[in-house]
Amino acid sequence: MIEMPMGPITDEVLVAYLDQTLSAAETVAIEKALGENSTLAARLERLRFDEGALRDAFSGFAAAAPADTIEKALRVIEEARTDTGEKRPVPPSRRMVAASLLGLLATGSLAYLWGRDSRPDMTNWREAVAQYHSLYSERTLAGIADGDPDVPRDLVRVGHDLGLEIRTEWLNLPDLSPRRVQALRFHGVPVAQIAFSSTKGPPVAFCIRPIDAPTSPLRSETRAELAIAHWVRDGFAFMIIGGNDQEFVMRRSQMIIDRMAS
Amino acid sequence: MPRLLPRLWRLAIVLSGRRDVADDLVQTTVRRAIERRGQFTEGTRLDAWMSTILVSVWKNEKRAAALRAHATLAEASELSAHAAEFDPETSLFRKQIIGEVGRLPEAQRETVLLVYIDGYTYAEAGRILEIPIGTVMSRLAAARAKLAERLGDADRAAAKAINHD
């Protein structure tokens with residue numbers, strides 16, 4: 001065991017060094033020892049892994065926590081609030097929890113309690129698309145006329161990039177008018193984006209990318225506060241994104257799925 | 001207290017490996033927090049306090065105890081399956097990481113989650129788990145050695161995997 005001013009350099013000390021929890025003096029001492037002792041340096045490497053990748057891997061668990069659980073939990077809170085929060089004086093020591101738990105319900109701060117991780121997971125293509133689409137406003141497509149002749153031509157071009165024929169009849173969707181087709185890339189993978197103006201308000205986009213994943217059914221989710229419907233079929237991932245009406249994007253996604261199957 | 005309940009649920013599912021148990025754990029934790037709100041110390045972290053309750057419920061509740069006794073804790077395959085269930089496009093790289101964390105002994109798994117995923121300090125994790133800081137560090141050292149060894153190839157595969165995410 002190598003001795004340091006603060007004691008032997010155990011694996012626990014090396015972990016504390018990797019986790020940057022040592023004092024400045026201890027860190028300097030460790031780094032000096034690492035520079036002088038290859039065995040110690042090798043021990044350090046045997047403890048090193050990518051904590052960021054670990055956090056990213058588990059980010060989906062919190063994001064996927066079931067809504068029915070929160071509803072039941074909030075019901076418990078509401079019952080407690082009804083029972084104790086408003087009729088009886090609350091000792092000061094209770095007020096912190098009351099403010100933090102019960103108050104969240106009373107002030108409607110559900111998003112604060114239940115909000116998704118604020119850090120975008122940019123290794124997920126739908127998150128990347130959502131962050132991009134969040135920049136769209138109703139004015140984004142205002143300068144492009146309905147029936148733009150570039151759209152059919154660009155569909156062929158981006159379809160060629162994807163290896164998929166994107167048929168114009170897929171895009172004949174109620175309340176939506178295709179205005180622009182873009183060839184995007186996500187970590188080197190081609191992504192087609194067909195942007196629609198919507199009679200219902202915010203623009204909507206239909207996006208496609210090739211993917212090495214099994215077929216999965218139509219699902220809904222919310223990213224960047226935008227409604228998303230997504231599915232995987234025959235080696236391609238599809239999504240419709242825009243606005244906050246899940247039913248709107250789900251219905252139009254189902255129309256595309258039906259047309260693809262016909 | 002941002003994202004408190006989703007984080008509690010994540011801790012619950014990493015501990016139990018079962019969605020139904022995780023749901024119960026979160027609900028019981030909220031109920032206990034209400035019942036014990038007089039024990040909360042002003043100026044301390046509510047999320048850490050509620051995590052402490054959740055861990056305590058997990059370790060002491062009859063149903064949880066029965067599950068633990070029958071070794072139905074979070075198996076690697078179960079956690080990976082949950083990840084795939086939540087997001088069918090979860091990459092193989094992520095599944096591998098989740099699987100390796102799932103294969104850690106429970107004591108190491110819960111410590112890794114609290115420190116490296118939830119971001120608690122050693123001292124906070126020690127209070128939540130009711131163990132000394134030295135034990136937290138020992139668990140992390142043991143977990144790090146296993147994860148570093150098992151995930152060594154995964155790091156190199158990350159660039160490739162991201163194209164399948």
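Computed from a prediction, not measured in an experiment: that's the story for all the values here. Reminder, nothing fancy here: chain letters follow the sequence lines and each chain counts from 1.
Taking CD of A/Glu51 as the start and CZ of B/Arg144 as the end, the distance is 4.0 Å to the nearest 0.5 Å. A distance of 11.5 Å separates CG of A/Asp50 from CG of B/Leu147, quoted to the nearest 0.5 Å. Of the inter-residue distances, the one linking A/Phe49 atom CZ with B/Leu151 atom CG reads 7.5 Å to the nearest 0.5 angstrom.
Closest approach of A/Glu12 and B/Ser138 over heavy atoms only: OE2-OG, 3.1 Å. The two residues A/Leu47 and B/Ala141 have their closest heavy-atom pair at CD2-O, 3.6 Å. Counting all heavy atoms, side chain and backbone alike, B/Tyr122 lies closest to A/Thr21 at CE1-OG1, 3.6 Å.
For residues 123-137 of chain B, a heavy-atom distance under 4.5 Å to chain A picks out B/Met137, given by residue number.
A heavy-atom distance below 4.5 Å is found between the side chains of A/Asp19 and B/Leu140. With a 4.5 Å cut-off on side-chain heavy atoms, A/Leu54 and B/Val101 count as touching.
No more than 12 heavy-atom neighbours from other residues, nucleotides or ligands sit within 6.0 angstrom of CD on A/Glu225. Other residues, nucleotides and ligands contribute over 12 non-hydrogen atoms within 6.0 Å of the CG atom of A/Asp161.
Both tests do not hold together for B/Arg10 against A/Phe58: distance to the six-membered ring centre under 6.0 Å, angle to the ring axis within 45°.
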